[in-house]
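Predicted model only: the values in this text are computed from it and were never measured. Numbers restart at 1 for each chain; the letters A, B, ... are given by sequence-line order, proteins then strands.
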Amino acid sequence: MERGAIALDSCPGGLDLRLTLESGQSYLWRREDDRMYEGDPGGRYYTIVDDEFVRVRQTDTTLEWESTTDAEPVLRELLRLDDDLDAIMAAGPDDPLLREAYAAHRGMRIVNDPSFPCLISFICSAQMRVSRIHGMQTTLAERFGDGMEIDGETYHTFPTPEQLASASVEALRECSLGYRAPYVRETAGMIASGDARPEDALGLAYEDARESLTRFVGVGPKVADCVLLFSLGYLEAVPLDTWLRSAIEEYFPECDRDSYRETSRAIRERLGDEYAGYAQTYVFHHLRTAGTVEAGE
DNA sequence: CCGTACCCTAGTTT
DNA sequence: AAAACTAGGGTAC
């Protein structure tokens with residue numbers, strides 16, 4: 001295994017690895033102690049991307065890694081380490097809630113997951129809690145992915161489109177996918193057969209790209225926005241889930257519209273068109289964690 | 001564009 | 001303590 005360390009002062013605005021990986025953006029990393037989403041400090045995280053194993057740990061000043069390949073360029077891409085968080089914050093509107101959210105969760109970055117696993121994990125996310133979505137992806141990898149031996153331990157790749165397309169709906173249901181099982185199979189089949197790829201959306205104007213992704217079964221506007229933001233680099237995408245909708249009702253009532261499309265347009269304008277997805281991720285996370293604290297009182 | 005059914009399970013309430 | 005009940009990052013029809 002190769003090893004290295006990325007100096008965090010080379011990542012403008014810093015990095016908070018745990019916030020980035022445990023804020024419901026990516027379901028493709030696992031924590032070595034298997035205690036994701038339980039609120040305690042993170043340790044080492046690992047994933048397999050393009051058949052390369054990558055394990056990371058954050059220290060005060062670096063992001064340490066060990067990998068089957070030179071992981072620095074991989075990590076820069078996966079964790080968007082070159083995004084200038086201060087510039088992104090400065091480019092947005094001068095809003096008290098937004099400012100507070102940015103300050104409270106410094107170093108949280110938007111992820112840039114590989115598109116197929118991202119698409120599948122967000123199809124699985126419908127009506128589901130983060131810990132269970134994560135569990136589903138782990139089960140899919142264990143049942144349908146390839147085993148990979150690292151230091152005497154077996155890890156599993158995320159299944160390919162072919163592997164999921166050839167799985168039976170029953171077998172997928174047994175991964176606790178529920179009614180999402182046929183969606184996953186159908187979508188994997190569309191990609192395996194070459195009929196469509198998530199990347200077909202690349203290059204399209206944002207709303208056209210969102211529309212394009214809804215061709216996949218199990219993908220409506222919300223899931224499409226997640227894939228655009230967390231995999232295809234559309235930083236203006238704002239996934240309108242129930243949490244964000246209620247936040248909009250409370251904090252930005254003037255943006256509340258009848259349709260997904262119109263509410264999306266209004267909130268993007270309100271949060272700053274270019275980086276609305278970043279703003280959304282911070283606000284969403286801020287309100288969520290604040291809610292947890294209040295609930296504990 | 002609108003309403004409803006959908007699969008599963010942890011957490012809560014009877 | 002076992003059995004209902006509820007809701008949880010939507011989408012297809």
Nearest-Å distance for atom pair [atom1]/[atom2], residues [X] and [N]:
| X | N | atom1 | atom2 | answer |
| --- | --- | --- | --- | --- |
| Leu213(A) | dT11(C) | CG | P | 12 Å |
| His134(A) | dT9(B) | NE2 | P | 18 Å |
| Ile120(A) | dT11(C) | CD1 | C1' | 15 Å |
| Leu240(A) | dG10(C) | CG | C1' | 12 Å |
| Asp241(A) | dA7(C) | CG | C1' | 15 Å |
| Met128(A) | dG10(C) | CE | C1' | 11 Å |
| Met190(A) | dA12(C) | CE | C1' | 14 Å |
| Ile133(A) | dA7(C) | CD1 | P | 19 Å |

Those residues that, when tested against [X], pass ring pair (Phe, Tyr, Trp, His ring centres under 6.0 Å) (two or more places apart):
| X | answer |
| --- | --- |
| Phe216(A) | none |
| Phe122(A) | Tyr27(A), Phe230(A) |
| Tyr155(A) | Tyr46(A), Phe53(A) |
| Tyr183(A) | none |

request  = May I have all residue pairs that pass side-chain hydrogen bond (donor to acceptor under 3.5 Å, both in side chains) and include part of residues 137-149 of chain A, sequence neighbours excluded?
outcome  =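 Passing the test, one end in residues 137-149 of chain A: Asp146(A)-Gln163(A), Glu149(A)-Thr154(A).
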
ask   = Can you tell me if CD on Glu77(A) sees more than 12 non-hydrogen neighbours from other groups inside 6.0 Å?
value = no

ask   = Below 4.0 angstrom from OP1 or OP2 of dG8(C), is there any side-chain N or O of Thr242(A)?
value = no

If you look only at pairs with a residue in [range], which of them pass as a salt bridge (charged side-chain N to carboxylate O under 4.0 Å, His left out), with sequence neighbours excluded?
| range | answer |
| --- | --- |
| residues 168-187 of chain A | none |
| residues 107-133 of chain A | none |
| residues 9-24 of chain A | Glu22(A)-Arg31(A) |

Side-chain donor/acceptor pairs under 3.5 Å, residues 89-96 of chain A, sequence neighbours excluded:
residue, atom, partner, partner atom, Å
Asp94(A), OD1, Arg99(A), NE, 2.8
Asp94(A), OD1, Arg99(A), NH2, 2.7
Asp95(A), OD1, Arg270(A), NH2, 2.7
Asp95(A), OD2, Leu97(A), N, 3.0
Asp95(A), OD2, Leu98(A), N, 3.0

key: Interface residues of residues 214-236 of chain A with DNA chain C (non-hydrogen, below 4.0 angstrom)   =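 Heavy-atom contacts with DNA chain C come from Phe216(A), Val217(A), Gly218(A), Val219(A), Gly220(A), Pro221(A), Lys222(A), Val223(A).
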
ask   = Mind pulling the stems DNA chain B is in, i.e. runs of at least three Watson-Crick or G-U pairs, everything under 3.5 Å?
value = B:3-6 with C:10-13, B:8-14 with C:2-8

key: Basic-acidic side-chain contact under 4.0 Å: Glu66(A), Arg44(A)   =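 Result for this pair is yes, salt bridge flagged.
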
request  = Go through residues 173-189 of chain A and report each residue with a non-hydrogen atom lying under 4.0 Å from DNA chain B, sorted by number.
outcome  =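 Of all residues in residues 173-189 of chain A, the ones placing a heavy atom under 4.0 Å from DNA chain B are Arg173(A), Ser176(A), Gly178(A), Tyr179(A), Arg180(A).
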
